[in-house]
Amino acid sequence: MNEFILPVKVYIEDTDAGGIVYYVNYLKFMERARSEWLNALGFGQRGLIEQGVQLVVHSLQCRYARPARLDDRLEVTASIERLAACSLRFAQAVRYDGDTLCEASVDIACVDAQRLKPRRWPSSLYAALTSAIPSQ
């Protein structure tokens with residue numbers, strides 16, 4: 001799996017009074033795409049937490065190009081840009097009708113769920129992440 005795509009419809013609760021998607025909701029759409037991407041790899045958030053692993057956003061950089069509107073049907077993408085021993089960077093985008101509305105680089109840290117300190121990826125998850133990296 002190179003680029004994961006999650007279809008998202010814009011509902012009234014995602015917008016401001018003018019029917020334009022509120023900027024923070026793009027981050028929520030991206031979070032959903034990352035969670036569904038993990039599920040597609042066979043790793044649910046609940047299962048990871050039960051194994052003592054939590055994935056947290058460490059930092060992100062986001063650029064907004066143009067707004068999404070009420071009833072738009074969006075594509076929210078997620079792909080691994082970089083993988084390290086206890087972190088990874090996602091390249092993500094929100095697109096409408098082929099145009100990129102918003103793009104982000106999101107750094108995720110793998111942490112011990114109890115201590116909230118960095119930890120290495122569990123071996124099975126690391127293998128799945130490695131197989132999901134786009135070919136060069």
At what distance, to the nearest 0.5 angstrom, does [atom1] of [X] lie from [atom2] of [Y]?
X	Y	atom1	atom2	answer
Ile5	Arg95	CD1	CZ	7.0 Å
Asp99	Glu75	CG	CD	11.5 Å
Leu55	Trp121	CG	CH2	5.0 Å
Ile20	Asn25	CD1	CG	13.0 Å
Leu83	Ile108	CG	CD1	12.0 Å

What closest approach, in Å, do [X] and [Y] show between heavy atoms, and which atom pair accounts for it?
X	Y	answer
Leu74	Ala68	CD2-CB, 4.0 Å
Ala132	Leu41	CB-CD2, 4.3 Å
Tyr126	Ala84	CE1-O, 4.1 Å
Arg120	Cys110	O-SG, 3.9 Å
Gln51	Arg119	O-NH1, 4.1 Å
Tyr11	Leu70	C-CD1, 3.6 Å

So, [X] side chain and [Y] main chain: donor-acceptor pair closer than 3.5 Å or not?
X	Y	value
Gln92	Met30	yes
Asp16	Gly19	yes
Asp14	Val21	no

Taking the side chain as C-beta and beyond, is there a heavy-atom pair between [X] and [Y] under 4.5 Å?
X	Y	value
Arg73	Pro7	no
Leu48	Gln54	no
Val53	Pro122	yes
Cys62	Cys102	yes
Arg46	Ile49	no
Val76	Phe4	no
Arg89	Ile80	no
Val8	Asp72	no

Mind running salt bridge (Lys or Arg N to Asp or Glu O under 4.0 Å) on Arg34 and Glu31 for me, showing each step along the way? CA-CA 5 Å; Arg34 291 192 307 273; Glu31 176 76 28; 2.5 Å; yes
Around atom [atom1] of [X], are there more than 12 heavy atoms from other residues, nucleotides or ligands closer than 6.0 Å?
X	atom1	value
Arg82	CZ	yes
Glu13	CD	yes
Lys9	NZ	yes

Same apolar cluster (I L V M F W Y, side chains within < 4.5 Å links), [X]/[Y]:
X	Y	result
Val56	Leu27	no
Leu125	Val106	yes
Ile12	Val10	no
Val111	Leu60	no
Val57	Leu6	yes

According to ring-ring contact (aromatic ring centres under 6.0 Å, His included), who are the partners of Phe90, at least two apart in sequence or on a separate chain? Trp37
Please evaluate residues Glu81 and Ser105 with respect to the criterion side-chain contact (heavy atoms from CB on, under 4.5 Å), reporting the C-alpha separation (whole Å), side-chain torsions for both, the decisive distance (0.1 Å), and the verdict. CA-CA 8 Å; Glu81 191 172 86; Ser105 180; 3.9 Å; yes
Do Ser59 and Asp107 get their side chains close enough for a donor-acceptor pair, meaning under 3.5 Å? yes
Partners of Arg69 by salt bridge (charged side-chain N to carboxylate O under 4.0 Å, His left out), sequence neighbours excluded? none
